[in-house]
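In what follows, chains are A, B, ... by sequence order, proteins preceding strands, each numbered from 1. This is a predicted model, so every value here is computed, not measured.
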Amino acid sequence: MSENPFEVLKEDMENEEVYLKVNAMHRVKVVATLLGSDKIKSQLIPYFETLLKKEDDEVLFALAEELGNIAQIIPNQSICLLTLLEQLAGFDETVVREQAVRSITIVCGFLADNEIANTIVPMIIRLASNDSNFTCRVSAVSLMCPLYARAGNQKEKIRQKFTELCSEETPMVRRAVATKIGEIAQFMDKIHVIQDLIPVLKQLCQDEQDQVRLLCMESLMNIAKILNSGENKTNILPLIIQSAEDKSWRVRLALSKIFADLAEAVGKEIADSSLIQIFSNLLKDTECDVRVIAVKSLARFIKFVSPEKLNLIVPLLQLLSKDPFSQVKQNACEVIGQIATLLPKEYSQSKLQQQLIDLMADDNQDVRRNAAKSAGQFAAAIGPEALNQFVPFLKKCMDDPKWRVRKETMQTIIQLALTVKNPDVFNKQLESVFVMFLKDRAAEVRSMGLSQLPALIAAYKQEWAVGNFLSKCVETLSKDVGSLYRINALYAIQQISFAVDGPVAQDRLWPIVQKCLKDTVPNIRFVSIRVAKSLSKKIDNQQTLNQIKQAINELIDDPDRDVKFYAQEALQN
Amino acid sequence: MNNKAASSKQTPAVRQQPQATTTTSQNRTPQPMIQNMARVTDPKHVPKEIRDQFLKKIHFCSQPYDFNDDTKNVKEKQERSQYLQELFDLLKEPNFVVNLVVPHLDLIIEMIEKNIFRPLPILKKTATNGEIGMEDDDQLIDPAWTHLQPVYEYFLQLIVNEQPDVKSLKIFITHSFIQEFLELFDSEEPREREYLKNILHRLYAKLVPRRKMIRKAINDCFYTLIHETYKFNGAAELLDILASIISGFAVPLREEHVIFFKTVIIPLHKVQTCQFYHEQLLRCSMLFLSKDPTLATFLVEGLLRYWPFANSAKEVMFLNELLEVLEVCEISKLEPLIPKLFKRLIKCIAGPHLQVADRAMCFFENDYFLTILKSYKPFTFPLLVPVIAQIADTHWHKVLQESLNALKTILKEIDYQAFDKALNNKDPKYLYIIQDAKNQKKDRQKIEEKWKNLTKQAIQKNPNFKEPIVPYSDTHIVGEHNGLNNGNITIL
């Protein structure tokens, strides 16, 4: 009965379908556990050697991953796996070598520092010096980062090799170092970062390939994080300036993308004094994609500059809100909303309010949507007293032909209502817009309003719900506008019922529902049943309760199947 | 002399106020420089003012303008194209080329670089307002193209021209020049790529000392395509150039070229966008094989290795190529590939795509292929006969069913005994290829049982042992690792 695990593996690997071999390879863990370290070395590893030459990439990819798993089974002897992994790290297929690099890192986790210095570092140098296969050199670059910290007295060797690879002719290798230079810097002493890495970073930032320069951007930010303000000023700032003027818009785009993080990394002082100017140029870039991304970063960037410098951004925003490209405007809306919370009220009112109002009437629906969203933020920032300036436009947005705009506006109104919490303001300004959800022709908008109704009732209490809102529901119910609107109104009444006390439910709500139970549309009848049911939980008066019960009872023989079902269900419990 | 004095007066005036173009254009006949030059009696000695005028025009053409916006700098742009035309006309006069163009090649190349070495634009579809329901416009046109075209034409003629010799040109064609030049091949504008191709082709032909460098840069381009980006608009054009380079290779091939074949030409087949350049790739492959037929087996191996998945159009291409390549192969060398080859063909024939099946059937009309089939009869018959017999009975398409029956007859004619033996085999080994998942599962039962036992033992030995996750299950062949494992895709 007892199988020889190694034989089972070999048998399954004989299979001709690649995917079955991959499956078998992923079960190597089982085999390795049962074999133990001696047999892994004497049987399994030589067997894997034979696979390297003949197997498909998919199988080798699985092998590369499983070698990492085997290392966890024999942590003390995992060094024996390295020969295989080194070969895999030089393979042509990208996924195989990347996986091999990951597994080597796992193996290294089990090695002592002196083993790293004596075995791993020479291996990295070997890979890095392989002139015929650029794939080896790329893998070496990825290995240097995680292992540099543990290289002991061999650190210098790695540093030297790394900087050497930065001047490679092969673009693939230069791209690899450009991606990793920020990462390896995290593990180096600062002095080495400044002495060794900054010069090559400068060189990479001027590479003839825009791909390389582009990849430098992220690294630039990572290095900026570990330097202090003075060092950033002398080393990083010139590179930022240079990249912002790069002739390739792809590089400028990459820079725009990380600009907020970059501002955070170099600190407020430099951001205030130098970055605003650079960023302004990116916001005015000739390439619209750069502007789109730059404006997107702007929303976060403004948090990293001091408030008094923000007025430099405002004129730009005015410009961007008139951009010919709609995506720019769309992102600008967001920034206008954000910046209003940071600027003095009067200032944003005088400089940006009109822009935002214009954007709410833009030709593009996404712009209008974002503008409506930001209008809430903006209005909340400048205070309830200015609300009346916005409400007419929000009302207009509720007439927008696109439901997404209306939904966003509805959300804005609700958010505003919940922030101001002032019954006066609400009744005068917002309520009339809010109740438009009852009559909206898009289900999304109606259910949006409905879902937020409990929060509003909680904020503005029973007085508003029964005093003002209820009549709007009744109005919808009485006008024969279509069954879906009436259902919506009924659900709104249900929401009201949760918040009121028994007598109100009995006197004000029940008569309405009672009428609806006799509606001609079956759907309204069964929704009414459900609402009536929840009313009955509030009401104590036995007489009314009987009335309810009887009304539902009448529906038990309803010609409609669903009504019958809900009536039965309601009566059962 | 009169004329000379007049023009010498004019030049500084223009220099002082370069915007005042109207004053110059009043005096200008269609080709003023040519006319001026025609009056020069001693071609070895070009008068200074003509030289100055020439340099000024080159300088003017080196200025960058925003070519995407036709409303900006209209006047300058007009003037620029006028100048470019004049510079172009100069190339027709050998004398001036020798005395005016060649001595200033540095400035001319700089002018060309400043114009064409630019970050490639992403050509936007006409719809800029993201409203839904806008129709896509397939035609992508770079608005700057009309302004770039004269520069490319000039560059091309400069290289074609016999006067600038290798020595003087060589200095400018550096590694970084070539690298930047090759990056332009990714342009989405087909006319630009056509020019790039022609220019690079001439450069390669002319600059013999730079050939190795150019080849290496092209290699890097392809490595990037294979290993990193998977898309490169100019791949077809580069392969076109390569085709003529390859046809110039001496026989026997140098090792460097063989490595190129193995590390670039074969892996290029696996790139997802292979369809866009397959025709050119096939040409390159066949040229290589005509130089060294022993490479054919490597290519067959590569094709079988990188066989497309879920892309029937590419599969048809692979089948076409495979048949062509097989004809070059030496039959005895094919032995290790025979099982994979025939299994692949059977899968294609039994597959759900009619065109693929049809293409695969064509193999059996090829005499050389039939010779291969015959040479490996002990393997091919037990594989083919039961499977073909079964699909011939059950195939859903009438025409294919007919040709499957015809194939049955062919196989029978080749070796009646072997056919009968294979057909009557009680336990055909390869029928699993066309079986459904359920049957396959039955076949796997025994070994799955063994694995289960072993896993139990492993858990006994080490209580912390976690059961391995097997990426492919029998109803779901798309594995975990390719990001498609979302449960929506069921293949088999």
Side-chain angles (χ1 to χ4, degrees), chain A residues 1-3 5 8 11-12 15-17 19-20 22-24 26-34 56-58 61-62 65-66 69 73 92-95 132-135 138 169-172 175 208-211 246-251 286-289 324-327 330 363-366, chain B residues 64 66 68-69 117-122 124 128-132 175-177 179-180 183 216-217 220-221 223-224 226-229 259 263 267 270 305-306 336 339-340 343 430 432-433 440 444 447 450-451 453-455 457-459 461-462 465-473 477 479 481:
Chain A
M1 183 60 216
S2 163
E3 313 276 354
V8 175
E11 185 192 333
D12 212 8
N15 218 299
E16 276 144 350
E17 291 297 319
Y19 78 97
L20 292 175
V22 172
N23 276 354
H26 280 293
R27 282 163 159 159
V28 151
K29 205 156 86 157
V30 180
V31 180
T33 309
L34 293 173
D56 285 310
D57 291 337
E58 286 89 338
F61 173 64
E65 188 181 338
E66 288 309 318
N69 286 333
I73 297 169
D92 265 355
E93 179 55 51
T94 324
V95 288
S132 50
N133 264 338
F134 77 90
T135 52
V138 171
E169 233 181 38
T170 321
M172 284 73 76
R175 282 197 287 271
E208 68 222 9
Q209 279 214 324
D210 59 358
Q211 270 297 328
D246 198 287
K247 68 171 179 171
S248 167
W249 60 268
R250 286 184 176 82
V251 177
T286 47
E287 195 63 41
C288 55
D289 294 83
F325 201 66
S326 56
Q327 252 181 301
Q330 200 181 321
D363 292 338
N364 184 289
Q365 61 154 321
D366 292 319
Chain B
D66 180 5
N68 293 320
D69 189 347
F117 287 176
R118 66 203 195 285
L120 288 172
I122 291 187
K124 301 213 172 54
T128 42
N129 51 348
E131 302 278 345
I132 306 158
H175 181 259
S176 66
F177 178 92
Q179 228 173 48
E180 282 207 59
E183 269 185 61
K216 187 172 179 294
D220 285 346
C221 231
Y223 281 141
T224 311
I226 295 166
H227 295 282
E228 290 177 8
T229 55
I259 291 176
T263 59
K270 79 171 165 188
R305 183 176 193 146
Y306 300 133
K340 238 183 154 179
K343 264 185 265 170
Y430 296 102
Y432 77 91
I433 296 173
Q440 281 191 30
R444 295 270 315 155
I447 194 141
K450 285 184 190 171
W451 278 119
N453 276 334
L454 290 176
T455 314
Q457 288 174 32
I459 295 172
K461 195 171 173 189
N462 174 8
F465 184 82
K466 271 199 208 111
E467 231 177 290
I469 300 164
V470 177
Y472 299 100
S473 65
I477 228 180
H481 293 290

Run Val31(A) and Val8(A) through side chain to side chain contact (heavy atoms under 4.5 Å, CB included) and show every step you take. CA-CA 9 Å; Val31(A) 180; Val8(A) 175; over 6 Å; no
Please determine, among Gln211(A), Arg175(A), Glu58(A), the option with the most heavy-atom pairs under 4.5 Å with chain B. Arg175(A)
Please state whether the side chain, the backbone, both or neither of Leu120(B) comes within less than 4.5 Å of a heavy atom of chain A. both
Less than 4.5 Å apart, any side-chain heavy atom of Gln179(B) and any of His175(B)? yes
Can you tell whether the side chains of Glu93(A) and Lys270(B) come within less than 4.0 Å, N to carboxylate O? yes
Answer yes or no: is there a side-chain heavy-atom contact under 4.5 Å between Trp451(B) and Asp12(A)? yes
Could you have a look at Arg27(A), Gln330(A), Glu208(A) and say which one has the most heavy-atom pairs with chain B under 4.5 angstrom? Arg27(A)
Where on Phe117(B) is there a heavy atom nearer than 4.5 Å to chain A: the side chain, the backbone, both, or neither? both
Pick from Glu228(B), Lys216(B), Glu180(B): which one has the most heavy-atom pairs with chain A under 4.5 Å? Glu228(B)
NE2 (His227(B)) and OG1 (Thr135(A)) are apart, to the nearest 0.5 Å, by 7.0 Å
For a 4.5 angstrom cut-off between non-hydrogen side-chain atoms, does Thr286(A) reach Trp249(A)? no
Against chain B, label Asn69(A) side chain, backbone, both or neither, depending on which of its atoms sit under 4.5 Å from a heavy atom there. neither
What part of Lys466(B) gets closer than 4.5 Å to chain A, counting heavy atoms only: side chain, backbone, both or neither? both
